[in-house]
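Below is one structure, written out as structure tokens; comments come after it.
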Amino acid sequence: MISRIATRSAIVPAVMAMAAAAALTVTTAPAAHAVGENTKCTVNWSNFRATVGKNAWNLRTGPSTGYASRGFLYRGDKLTVLCSRGNWDYSQLTQRSKSGISKGTRGWVRADGLVNLAG
């Protein structure tokens with residue numbers, strides 16, 4: 001009976017350690033491109049670089065004109081395209097925009113306003 005209690009007391013910490021490890025695995029953060037608003041994406045890209053080809057092009061909070069604008073992008077602003085949904089690209093500014101939007105800001109841009117796509 002004593003050996004049985006010793007065995008159980010040895011198993012409990014091992015089971016708790018395995019449960020803790022499993023919990024850590026479940027809560028591990030996904031890749032950076034899989035976080036945030038891009039849950040609306042249907043196609044993921046390998047971080048394509050793009051340049052805005054039109055002036056006063058909206059950077060939006062979602063993939064349609066029904067979403068709020070975060071500000072305007074102008075010809076020559078640089079982006080990294082992370083993923084897409086239809087004619088909309090979820091992108092991140094690689095430098096401060098000409099209108100003053102901070103580097104690293106993410107949002108949705110209509111694809112027909114982008115040029116010089118490169119992988």
Side-chain angles (χ1 to χ4, degrees):
M1 187 78 164
I2 293 175
S3 63
R4 190 179 242 174
I5 293 171
T7 305
R8 285 185 185 166
S9 64
I11 291 174
V12 171
V15 170
M16 291 183 72
M18 288 181 359
L24 290 175
T25 303
V26 171
T27 59
T28 301
H33 68 278
V35 177
E37 298 160 2
N38 67 344
T39 56
K40 300 174 182 106
C41 290
T42 54
V43 177
N44 287 314
W45 300 106
S46 296
N47 300 336
F48 283 95
R49 293 180 307 277
T51 303
V52 176
K54 298 184 177 185
N55 284 323
W57 211 243
N58 281 297
L59 180 67
R60 296 193 177 272
T61 59
S64 80
T65 56
Y67 288 89
S69 175
R70 291 196 164 138
F72 289 118
L73 301 173
Y74 289 89
R75 185 175 287 123
D77 283 339
K78 307 287 185 201
L79 301 164
T80 299
V81 177
L82 305 171
C83 64
S84 300
R85 180 182 187 103
N87 194 34
W88 292 85
D89 293 329
Y90 184 67
S91 306
Q92 179 174 343
L93 283 166
T94 58
Q95 62 191 32
R96 186 176 183 87
S97 74
K98 292 178 181 179
S99 66
I101 303 171
S102 299
K103 174 184 176 179
T105 301
R106 290 182 175 190
W108 292 85
V109 180
R110 279 216 0 218
D112 56 344
L114 301 179
V115 296
N116 299 333
L117 294 172

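Along the sequence shown, the residues carry numbers beginning at 1. Quick caveat: nothing in here was measured; it's all calculated off a predicted structure. Hydrogens, waters and symmetry mates are skipped; everything else that's a heavy atom, side chains included, is used.
- S97 places a side-chain N or O within donor-acceptor distance of the main-chain N or O of G100, the cut-off being under 3.5 Å.
- Cluster annotation: V109 and F72 are assigned to distinct hydrophobic clusters (Ile/Leu/Val/Met/Phe/Trp/Tyr, side-chain heavy-atom contacts under 4.5 Å, transitive).
- Taking each heavy atom of S102 and L93 in turn, the nearest pair found is O-CD1, 3.6 Å.
- The backbone N or O of Q92 lies less than 3.5 Å from no partner atom in the side chain of R106, so there is not a single donor-acceptor pair.
- The closest donor-acceptor contact from the side chain of R75 to the backbone of N55 lies at 3.5 Å or more, if one exists at all.
- Of the inter-residue distances, the one linking L59 atom CG with Y90 atom OH reads 9.5 Å to the nearest 0.5 angstrom.
- Around NZ of K103, the count of heavy atoms belonging to other residues, nucleotides or ligands within 6.0 Å does not exceed 12.
- Residues L73 and N58 are not in side-chain contact: their nearest non-hydrogen atoms beyond the backbone lie 4.5 Å or more apart.
- One distance of note links OH of Y74 with CH2 of W57; it measures 12.5 Å at 0.5 Å rounding.
- The list of salt bridge (Lys or Arg N to Asp or Glu O under 4.0 Å) pairs with a residue in residues 109-118, not counting sequence neighbours, reads R110-D112.
- We find the CD-NZ distance between Q95 and K78 to be 6.5 Å, quoted to the nearest 0.5 Å.
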* To do: Starting from the C-alpha separation in whole Å, work towards a yes-or-no answer on side chain to side chain contact (heavy atoms under 4.5 Å, CB included) for T105 and R70.
  => CA-CA 9 Å; T105 301; R70 291 196 164 138; 4.2 Å; yes
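- The shortest non-hydrogen separation linking C41 to W108 is SG-CH2, 3.6 Å.
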Please set out all donor-acceptor pairs under 3.5 angstrom arising from side-chain atoms of residues 79-87, sequence neighbours excluded.
residue, atom, partner, partner atom, Å
S84, OG, W45, NE1, 2.6
S84, OG, D89, OD1, 2.6
R85, NH1, K40, O, 2.6

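- Among all heavy-atom pairs drawn from W88 and S64, the shortest one is CZ2-CA, 3.5 Å.
- The structure places OG of S91 at 11.5 Å from CG of D77, a figure rounded to the nearest 0.5 Å.
- A continuous path of ILVMFWY side-chain contacts below 4.5 Å connects L114 to F48, so both sit in one hydrophobic cluster.
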